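These notes concern the structure reproduced below.
Proteins come first, then strands; the chains are lettered A, B, ... in the order of their sequence lines, and each starts at number 1. Computed from a predicted structure; not experimentally measured.
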Amino acid sequence: MFKEALRRYLEEAARRAVARGALPDVPLPPVEVEVPRGRRHADYASSLPLALAKPAGRPPREVAQALVDALEIPPAHVSRAEVAGAGFVNFFLAPAWLQELLRRIHAAGDRYGNRDLGRGQRVNVEFVSANPVGPLHIGSGRNGLIGDVLSNLLAALGYQVTREYYINDAGTQVHNLALTVEHHYFASFGRERPFPADGYRGEYARDLARKVAERDAETWLDRPEAERLAAFRDAALEQILAETRQTLEEFGIRYDLWFSERTLYDQGAVDRTLAALREKGLLYDHDGAVWFRSTAFGDDKDRVIIRSSGWPMYYAADIPYHLNKLERGFDHLIDVWGVDHIGDIARVKGGLAALGVDVDRLEILLYQHVRLRNEGELLRMSRRRGEYVSLADLLAAVGRDAARYFFCMYTPSVPMDFDWELARKQSQDNPVYYVQYAHARISSIFREAAEHPAGRALAGSGLLATDGEGGVAPGAVQGADLSPLTHEAEIALIHTLADLPDVIELAGLRREPQRLCAYAREVAEAFHGFYTQCRVLSDDAGLSGARLILTAAARIVLRRTLGLIGVSAPDRM
RNA sequence: GCGCCCAUAGCUCAGUUGGAUAGAGCGUCGGACUACGAAUCCGAAGGUCGCAGGUUCGAAUCCUGCUGGGCGCACCA
């Protein structure tokens, strides 16, 4: 709220200065207002004069002085505005404005930080979408976290978000899975069946076969192969998808839609896409396969779209899948993909462009892979070899909160090493506890307040809520006296709480969930500092009341931030 | 070889889309509990922001080249 207002004040000042002749009438560059690093020089600062100096043909400090002279800001908002450094305008906020922020936070409650940038635009976020050929591995944890948190952020920014999981239940991967199950199924009845060349080595494949054997006994041994493989495929899919769903739910992710790739084949969407591409002259036959002229859309070479065996490539269905999403009325599509899929972008986008789609509506969000480290040693993971740690294993070892926070901490475009040993420790080394501890401390204060004389007095005056979990009554905050909040640590905490809307906006629009973790830590740090220096419950009822209001505002912000990350905000630890 | 991503404290990473003296956590060293939770707080040490140029009032941030790493360049996904 402060940045926006200050931006407006500056724009008005610039207009006024021009009208007065103090500044030449040149186009105003974008007015940036920011928090100086560490809030060392001021509460807020603008480099507008530096940007304006050149077009205005005047020294930056002179421009800054003209702007400061033309500023008209109520003293209740800004106590001081001055020229500083090479030509900055520094702002120092008045206590009354900071107090107003606290009232706003309480009035907004768990909606504090929301904005309406999306104006109800419909966004589809598709994430994880792992091949249903085995348990989810930890890379899917990173994928899931990014997609889920981004969805939370976009919802907070006023977009109408749909979370979607694309089930790759057609194609060669699930076929290979069916062959693998077949091998184990036959083996369980003492019959030989060669292990498929591209089979899945994990122990889970044996379990899948055992379940089928338990259910259907030996009925499949002598049935036609096609029928048998279809049955094995479906049984395996059902089992794996049930586990996938459960693991993701334990991870805190719920989807609005699970979309089956096979339906695209069944409903002829893939054939229609191929026919449309063929009609536009973008397909040709060569070496017994069908090729897509993807070089026409920036790819470095043409790609096979239907193998000589007749099986279409994965992306042959991916093109109609994205068409389908657009036909369902989404304004914008976001896919979260691992970097190893980077090569697919040109093909899918090329296919969509060929069919007349504005490909800017499809955004592919790439994240770098997760490596697992144990006692300093990097582990290579391979699903084909069955050598990897599953997301379910990770959740069982470290819990949802630590897992989510950990995945959220790292910038998606940077590879991350998951330190298994550290994560297993479940100790205070884990940054999530630092933040959660701040929240638990706040709850503890409110538990204490119910017993404390000052707290009882405040409950009597209606400020402290006596029902539910305690906390302050939002209505009573509006008329409360917040002027006792003058301590350095109190002011610093309020400033930190003011940043939430910007954090949500930046994290959401730039697709950088790690900002939430950095911010959560800042809020916790500011609160711990306040807590150490300022006693909340004292025999001064006025001061206690004001500090309880500040404390409750910090709780709102912590909950909101942790909630966006999908991490719990415990009242006790 | 070509394309994308990356290189910041001993380690793991931030760095508000070009701003003022580059920040945290862990680790190391030293302090703080007879009042609301010490899973906390305060302090110290630790940096040629991979290297070299360039752009400008100003660069960790933008451009070029180089070095070093990750990923891709399949009739796999």
(message) Would you measure the distance from the P atom in B/C5 across to the matching atom in B/A22 and give it in whole Å?
(response) 28 Å

(message) Measure CG/A/D299 against P/B/C4 and give the value in whole Å, please.
(response) 13 Å

(message) In whole Å, I'd like the distance from the NE2 atom of A/H341 to the C1' atom of B/G70.
(response) 17 Å

(request) Remember a base hit wins even if backbone is also touched, and classify A/D502 as base, sugar-phosphate or nothing at under 4.0 Å, heavy atoms. (result) nothing

(message) I'd like the P distance from B/G23 over to B/A45, given in whole Å.
(response) 14 Å

(message) Just to be sure I understand: a Watson-Crick pair is purine N1 to pyrimidine N3 plus N6-O4 or O6-N4, both under 3.5 Å. Using that and G-U wobbles, which stems of three or more pairs involve RNA chain B?
(response) B:1-5 with B:69-73, B:10-13 with B:23-26, B:28-32 with B:40-44, B:50-54 with B:62-66

(request) Go through the side-chain N and O atoms of A/Q436 and A/D401 and say whether any donor and acceptor fall under 3.5 Å apart. (result) yes

(message) Whether A/T532 contacts B/U40 is assessed here as follows: a side-chain N or O lying under 4.0 Å from the phosphate OP1 or OP2. Is that the case?
(response) no

(message) Nearest whole Å is fine: how far is B/A74 P from A/D302 CG?
(response) 12 Å

(request) Using atom CZ of A/R347 as one end and atom C1' of B/C4 as the other, report the distance to the nearest whole Å. (result) 14 Å

(request) Between protein and nucleotides 10-18 of chain B, map the contacts as a letter string: B base, S sugar-phosphate only, - none, heavy atoms under 4.0 Å, written 5' to 3'. (result) --SSSSBB-

(request) Using distance alone, with no hydrogens and no angle criterion, decide if A/Y314 and A/D344 have a side-chain donor and acceptor under 3.5 Å apart. (result) no

(message) Please report the distance, rounded to the nearest Å, between CZ in A/R61 and P in B/G58.
(response) 17 Å

(message) With a 6.0 Å cut-off on the ring centroids, do A/Y434 and A/Y437 count as close?
(response) no

(request) Using the C1' atom as the reference point in each nucleotide, state the distance between B/U34 and B/A20 in Å, no decimals. (result) 46 Å

(request) Answer yes or no: are there more than 12 heavy-atom neighbours, outside A/E363 itself, under 6.0 Å from its atom CD? (result) yes

(request) Specify the separation, in whole Å, of atom CG of A/D300 and atom C1' of B/C4. (result) 12 Å

(request) Go through the steps for A/F259 and A/E126 under the test side chain to side chain contact (heavy atoms under 4.5 Å, CB included), then give the verdict. (result) CA-CA 10 Å; A/F259 191 99; A/E126 183 217 320; over 6 Å; no

(message) Can you tell me which nucleotide in B/A38, B/A74, B/G70 comes closest to the side chain of A/Q368?
(response) B/G70

(request) With RNA chain B as reference, determine whether A/N168 or A/S444 sits nearer its 5' end, using the nearest nucleotide of each. (result) A/S444

(request) Look at A/K301 and B/A74 and indicate whether a side-chain polar atom (N or O) is within less than 4.0 Å of OP1 or OP2. (result) yes

(message) Walk me through whether A/D499 and A/K3 qualify under salt bridge (charged side-chain N to carboxylate O under 4.0 Å, His left out).
(response) CA-CA 9 Å; A/D499 293 337; A/K3 271 192 194 176; over 6 Å; no

(message) Starting the side chain at C-beta, find the nucleotide from B/C41, B/G19, B/C6 nearest to A/S413.
(response) B/C6

(request) Determine the interatomic distance between P on B/A24 and the same-named atom on B/G43; round to the nearest Å. (result) 10 Å

(request) Would you tell me if any nitrogen or oxygen in the side chain of A/Y433 comes within less than 4.0 Å of OP1 or OP2 on B/A39? (result) no

(message) Stacking between B/A20 and A/F88, yes or no? Criterion: centroid separation under 5.5 angstrom, plane angle under 30 degrees.
(response) yes

(request) Take the protein atom OH of A/Y531 and the nucleotide atom C1' of B/C33, then report the distance between them rounded to whole Å. (result) 10 Å

(message) If you count heavy atoms of other groups shown closer than 6.0 angstrom to CG of A/D539, is the number above 12?
(response) no

(message) Nearest whole Å is fine: how far is B/C41 C1' from A/R521 CZ?
(response) 14 Å

(request) Name the nucleic acid region contacted by A/A86, choosing base, sugar-phosphate or nothing; use a 4.0 angstrom heavy-atom cut-off, strictly under. (result) nothing

(message) Whether A/R40 contacts B/G23 is assessed here as follows: a side-chain N or O lying under 4.0 Å from the phosphate OP1 or OP2. Is that the case?
(response) yes

(request) Could you work out the separation of B/G70 and B/A52 based on their P atoms and round it to a whole Å? (result) 24 Å

(request) Please state whether the phosphate of B/A38, meaning OP1 or OP2, lies under 4.0 angstrom from any side-chain nitrogen or oxygen of A/R441. (result) yes

(message) Using only modelled atom types and a 3.5 angstrom limit, is any donor from either the side chain of A/S308 or the base of B/C75 paired with an acceptor on the other?
(response) yes

(request) Have a look at A/D318 and say if it touches a base, only the backbone sugar-phosphate, or nothing, with a 4.0 Å heavy-atom cut-off. (result) nothing

(message) Would A/H41 count as stacking on B/A20 if stacking means ring centres less than 5.5 angstrom apart and planes tilted under 30 degrees?
(response) yes

(request) Would you mind classifying the nucleic acid contact of A/A45 as base, sugar-phosphate or nothing, using non-hydrogen atoms under 4.0 angstrom? (result) base

(message) Mind checking if A/A440 touches a base, just sugar-phosphate, or nothing, with heavy atoms under 4.0 Å?
(response) base

(request) Applying side chain to side chain contact (heavy atoms under 4.5 Å, CB included), run through A/F407 and A/N143 and close with a yes or a no. (result) CA-CA 9 Å; A/F407 281 125; A/N143 188 318; over 6 Å; no

(request) State which of B/C75, B/C41, B/A39 makes the closest approach to the side chain of A/W291. (result) B/C75

(message) Quick one about A/D335 and A/H322 (side-chain donor to acceptor, distance below 3.5 Å, no hydrogens or angles considered), yes or no?
(response) yes

(message) Quick one about A/R555 and A/S443 (side-chain donor to acceptor, distance below 3.5 Å, no hydrogens or angles considered), yes or no?
(response) yes

(message) Between B/A7 and B/C51, how far apart are the two C1' atoms, rounded to whole Å?
(response) 11 Å

(message) Below the 4.0 Å mark, does B/A74 have OP1 or OP2 next to a side-chain nitrogen or oxygen of A/Y314?
(response) no

(message) Can you tell me which nucleotide in B/C76, B/C36, B/C5 comes closest to the side chain of A/T172?
(response) B/C76

(request) Report which part of the nucleic acid A/V536 touches: base, sugar-phosphate, or nothing (heavy-atom distance under 4.0 Å, all strands). (result) base

(message) With rounding to the closest Å, how many angstrom separate the C1' atoms on B/U61 and B/C49?
(response) 10 Å

(message) Rounded to the nearest 0.5 Å, what separates atom CG in A/D43 from atom CD1 in A/I491?
(response) 8.5 Å

(request) Using the P atom as the reference point in each nucleotide, state the distance between B/G46 and B/C4 in Å, no decimals. (result) 40 Å

(message) Would A/R441 and A/Y531 count as a cation-pi pair here, with the cationic atom under 6.0 angstrom from the ring centre and within 45° of the axis?
(response) yes

(message) Quiz question: going by heavy-atom distance under 3.5 Å, is there a donor-acceptor pair between the base of B/A77 and the side chain of A/N176?
(response) no

(request) Look at the side-chain N and O atoms of A/R307 and state whether any lies under 4.0 Å from the OP1 or OP2 oxygen of B/A77. (result) yes

(message) Using the side-chain heavy atoms of A/A84, tell me which of these nucleotides is nearest: B/G37, B/C75, B/A20.
(response) B/A20

(request) Could you go through the side chain to side chain contact (heavy atoms under 4.5 Å, CB included) check for A/Y44 and A/R39 one step at a time? (result) CA-CA 7 Å; A/Y44 290 89; A/R39 263 184 236 278; 4.0 Å; yes

